[in-house]
Amino acid sequence: MTSTLLDAGLLRRSAVEVLRRNDLGTMTSAAPDLYPHQWSWDSAFVAIGLARVDVPRAITELRSLLGAQWATGMIPHIRFSDRADDYFPGPDRWGTVGVAARPAGVATSGICQPPVHAIALRHVLDRGRENGGADQVAAETFARESLDAWLAWHRWLATARDPDGAGLVEIHHSWESGFDNSPRWDAPYAAVVPGPMPPFTRRDTRHVADAGQRPTDAEYARYLWLVEQMRRADYDTAAITATVDFRVRDVFFSAILAAAAEVLAGIAEEFDRPADAAEQWATAARFRAGVAATVDPVTGLARDRDVRAGAWISPLTVAGFAPLVAGGDPELLARQRAILTGDDWMGHPALRWPLPPSTSPVSPDFRRRTYWRGPVWPFLDLLLGWAIARDGAAPLYAALRNASLEQLADLTFAEYYEPLTGEPLGSHAQAWTAAAALEWLG
Ligand code: 2M8
C-alpha cells in the first residue's frame, strides 16, 4: 500500500474552506447541494471541527441547533434553513408546523438523530479553555446557559424512548439511526408495506454521480411511509409507538447516549450541578449496560433489537462496535478492539486504508459503493477514535488517525469512501468530513 505524503497545512486550509462554503450564517449545511440544511448529528461534528479554528462560531452552531429543540426536549434531526433548495422531504412533507411542541417559526423535521451533542460541547469547552481569554469566557458561558437544554434532550430520550428502562433507545425510522439503508434495517423494513400516501419525487439521486450510491426507490417509499405514519400521529411519541410500522432498539444510538451522558455528567459537575451530574451518570450506566447486554456471544458484536418481530438483528455492521463507543467492561472492550483490528474489519487485506467499513467485507450484505452498506464514513472513525482514546487504547487511536488523515488527503471531503479503492463517493465537500479532518489534525 502506498502512503500519501500529508500536507497538514493544505488539508487544514481546505477543510476550513469547506466549512466556510457550507456556512449559512448561523448554521452549517451538511453538504452544499445534497443536504442544504442543518442536520442534528452532523452539526455536532461540525462544532467539534469549528472549535479547532473558531470557538465562537462553534458555539453559534450548537446554539442554532438548540433553537430548533422541541418543548419535549427532542432535538429534531433537521433544522431547515429558509433558503430555496432542492431537498426532499422538506418542511411541507414533514408537516410539523401545527405540532405544539415545535418552536414557533422554526421549520424542523419530526424525528431525531443520535445525541453526540454533549460530546461536541465538551470539545468546545476544552478548546475555549485552551485558548483562554474571550474564547474561554464564551465557551463557559455557553456551557452554563445551555446545560438545561442538553439535560432535557437526554431526559427525553431516556424516558420517551426507553420507557421500561432497558437501557436501549427505541427508534421509529432508520433516518433516526443516521445509518439510513444499513443492512441493520433490512429485516424490520421487510415487514413495512407502504400504504396510501401523497405521491413524491425523489431529489437526492440528482446530486450524486451514480444513483446506485443511494438508497433504492423501494427503500425510499418505506422511508416516506413512516413519515406519513408519524405525521398522522401528530409526532406524539405514545401515538407513534402504538401505530408505526418500524420499532427498533438501536444499539449504536444507545451507545452514543451512554457516552454523551457520561460527558454531560462531567460538565454538570464542573458547573456545580451535582444532582444533574448524578442523574447523567445513572443514565450512562443504564445505557452502557443495555448495550453490553446485546452482545452476541459468538460474534462478539452488539446487536439491535426488532421490537415488532421480537428478534435480534445481527448483520456484520460497524454498529456492532457500540460497546467501544459506550465504554465499560475492560474485557468486553479488549475483545471488541481485537475484532475491530482483525481480518474481518480494519485488518482485511483488500482495504485501501485500514479503516472500518460500514459493513464488513466478509459479510454477504457488503456493497462496496452503496451508502451505508459498505463504504467508510470518516466522521464515524473520528467518533470511534475519540472513544478509543478515552479508554486509553493509544496505539489503536493512532492507527485510526494516521489512516484517516491519509484517506482525507485527497481533499474531496467525501461523504463516504469506497473501502477497497479509496474512491470518494456520495456528496463531496461534506461538512462533517471536513470537521473530522480538522479534529484529527488537532
Ligand atoms: C443521511 O441522511 C439523510 C436523511 O436524514 C438523507 O439521506 O437525506 C445520513 O447519512 C445521515 O446520517 C446524515 O446525518 C445525513 C446528512 O449528512 O445524511
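Counting convention: from 1, in listed order, for ligands and their atoms alike. Hydrogens, waters and symmetry mates are skipped; everything else that's a heavy atom, side chains included, is used. On a predicted model such as this, the values are computed, not experimentally measured, just so you know.
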Q: Verify salt bridge (charged side-chain N to carboxylate O under 4.0 Å, His left out) between Asp250 and Arg184, making sure each step is shown before the conclusion.
A: CA-CA 9 Å; Asp250 178 335; Arg184 298 166 71 190; 2.8 Å; yes

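- In this structure, the side chains of Leu355 and Tyr417 stay at 4.5 Å or more apart for every pair of heavy atoms.
- Here the options are Arg12, Arg401, Arg52, the test is salt bridge (charged side-chain N to carboxylate O under 4.0 Å, His left out), and the partner is Glu439; only Arg52 passes.
- Only one option out of Tyr371, Phe179, Trp432 pairs with Tyr416 in a ring-ring contact (aromatic ring centres under 6.0 Å, His included); it is Tyr371.
- Residues lining ligand 1 at a heavy-atom distance below 4.0 Å are given as Ala30, Tyr35, Trp39, Trp41, Asp42, His77, Tyr87, Gln113, Trp175, Gly178, Asp180, Arg214, Tyr371, Trp372, Trp377, Gln430, Trp432, ordered by chain and residue number.
- Counting heavy atoms from C-beta on, the side chains of Arg288 and Glu262 come closer than 4.5 Å.
- Under the side chain to side chain donor-acceptor pair (under 3.5 Å) criterion, Arg308 pairs with no residue at all, not counting sequence neighbours.
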